[in-house]
There are 2 protein chains.
Amino acid sequence: MPNDVIGAERCDCDVIHDDVVARVRKTIPRDETLFDLAELFKVFGDSTRMKILWALDTSEMCVCDLAYLFNMTQSAISHQLRVLKLAKLVKNRRDGKVIYYALDDEHVRQIIDQGLTHINELP
Amino acid sequence: MPNDVIGAERCDCDVIHDDVVARVRKTIPRDETLFDLAELFKVFGDSTRMKILWALDTSEMCVCDLAYLFNMTQSAISHQLRVLKLAKLVKNRRDGKVIYYALDDEHVRQIIDQGLTHINELP
DNA sequence: CAAACATATGAACAACTGTTCATATGTATT
DNA sequence: AATACATATGAACAGTTGTTCATATGTTTG
């Protein structure tokens, strides 16, 4: 299903590069997929959530563990865990009063590692 | 170099989970690294930039090609290309009046692919 | 060198985001 | 049942972000 192809103003070089534009149009994913992808990365794009993900990669933890570990409010952590859960990056289980959170996806680590590689290779 | 360890309020289970917290403290990267990582993913967390990255993965393109392709203002594209360039994800070369942008990193595709895998595996 | 073109950039504005504060929900203990 | 504890959640607020508009920079062409 092709994306929005309704024309904007074209400059001279658009016409020259018509083939390139056409090639991209054929291979680029649907708008909705690109939007979902951006939404996913947006979740990784906050240092509090990044800390939480990294912590949970070591071990499952409860909310107050995380709050104590990062010296943050229980409420702030809880709000962010909600975001992570909606993105299916994190799952939880209840044990009495305590709720334990854990990573819910084996790709989380891989995505983060790719990011680390990029950062470490910068000059 | 250890991160901020100044104490927040501890709940009862913190004390119980002291070992877990200590283990995370030992293995988690420096605050600065986590911040940089989040900054990197933030760049992927916008659908306009995601579109641009995907387009440039097919072929280098000039600014007005991208504007035409996505039916957006030249200015809007230009602003986002600036963000991508600051993140070292994109490089450019000048050819007369026209400036061509291209991916500047072989990890871009891999990072995006990992994200796609996550999205596609959702139920 | 003047006009046309491609791109960059600063200011302004609306929309979005993350934290805090107050409070609600749910569970265990006595 | 009442209290204490762990977590969730809604409202509010400040800070951030992406687009638009106007304009500036830099290059080519006549």
Side-chain angles (χ1 to χ4, degrees), chain A residues 8-17 34-35 38-53 56 60-87 90-102, chain B residues 8-17 34-35 38-53 56 60-87 90-102:
Chain A
E9 290 296 321
R10 309 191 71 179
C11 19
D12 296 350
C13 65
D14 283 333
V15 184
I16 300 174
H17 302 147
L34 294 172
F35 182 83
E39 288 301 303
L40 173 64
F41 286 116
K42 204 173 286 182
V43 177
F44 288 89
D46 173 80
S47 52
T48 297
R49 291 191 291 267
M50 185 58 72
K51 285 178 183 179
I52 293 176
L53 289 175
L56 296 184
E60 72 170 8
M61 299 181 78
C62 67
V63 181
C64 66
D65 283 339
L66 291 165
Y68 171 64
L69 178 57
F70 299 129
N71 194 23
M72 289 184 67
T73 310
Q74 171 267 320
S75 179
I77 297 288
S78 200
H79 277 296
Q80 298 303 349
L81 284 170
R82 186 172 191 276
V83 175
L84 290 167
K85 195 168 181 214
L86 283 174
V90 143
K91 64 189 171 188
N92 57 11
R93 71 180 175 86
R94 157 159 263 154
D95 180 15
K97 286 179 291 190
V98 182
I99 298 183
Y100 291 92
Y101 280 83
Chain B
E9 289 296 321
R10 310 191 72 178
C11 18
D12 297 350
C13 65
D14 282 334
V15 184
I16 300 173
H17 302 146
L34 294 172
F35 183 83
E39 287 302 300
L40 173 65
F41 285 117
K42 203 173 287 182
V43 177
F44 288 89
D46 173 81
S47 52
T48 297
R49 290 192 291 266
M50 186 58 72
K51 286 179 183 178
I52 293 175
L53 288 174
L56 296 184
E60 70 168 9
M61 300 183 77
C62 66
V63 180
C64 67
D65 283 340
L66 290 165
Y68 171 65
L69 177 58
F70 299 128
N71 195 24
M72 290 184 68
T73 311
Q74 170 266 320
S75 180
I77 298 288
S78 199
H79 277 296
Q80 298 303 350
L81 284 170
R82 185 172 191 278
V83 174
L84 290 168
K85 194 165 181 217
L86 283 174
V90 143
K91 64 188 171 187
N92 58 10
R93 71 179 175 86
R94 159 159 263 155
D95 180 16
K97 285 181 291 191
V98 183
I99 297 184
Y100 291 92
Y101 280 83

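Side-chain atoms are counted along with the backbone in the values below, which use heavy atoms only and exclude waters and symmetry mates.
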Position toward the 5' end of DNA chain C (nearest nucleotide), A:Gln74 or A:Lys97:
A:Gln74

Contact nearer the 5' end of DNA chain C, comparing A:Arg49 with A:Asp95:
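With A:Arg49 and A:Asp95 compared, the 5'-side residue is A:Arg49.
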
Of all the choices, [options], which nucleotide is nearest to the side chain of [X] once you look at every atom?
X: A:Ser78; options: D:dT27, C:dT9, D:dA8; result: D:dA8
X: A:Val63; options: C:dG18, D:dA8, C:dT7; result: D:dA8
X: A:Gln80; options: C:dA22, D:dA22, C:dG18; result: C:dG18
X: B:Asp12; options: C:dC5, D:dC5, C:dT9; result: D:dC5
X: A:Ala76; options: D:dA8, C:dT20, C:dT27; result: C:dT20
X: A:Val98; options: C:dA8, D:dT7, D:dG10; result: D:dT7

Would you say B:Glu60 and B:Arg93 make side-chain contact, with heavy atoms under 4.5 Å?
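They are in side-chain contact.
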
Hey, does [X] reach any base, or is it just sugar-phosphate, or nothing, if we go heavy atoms under 4.0 Å?
X: A:Thr73; value: sugar-phosphate
X: A:Tyr101; value: sugar-phosphate
X: A:Ser75; value: base
X: A:Lys42; value: sugar-phosphate

Roughly, in whole Å, what's the span from CE in A:Met72 to C1' in C:dG18?
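Result: 8 Å.
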
Ring geometry between A:Phe41 and B:Phe41 (parallel below 30°, tilted from 30 to 60°, perpendicular above 60°):
parallel

Taking N and O atoms by type only, does the side chain of B:His79 place a donor or acceptor under 3.5 Å from a partner on the base of D:dT20?
yes

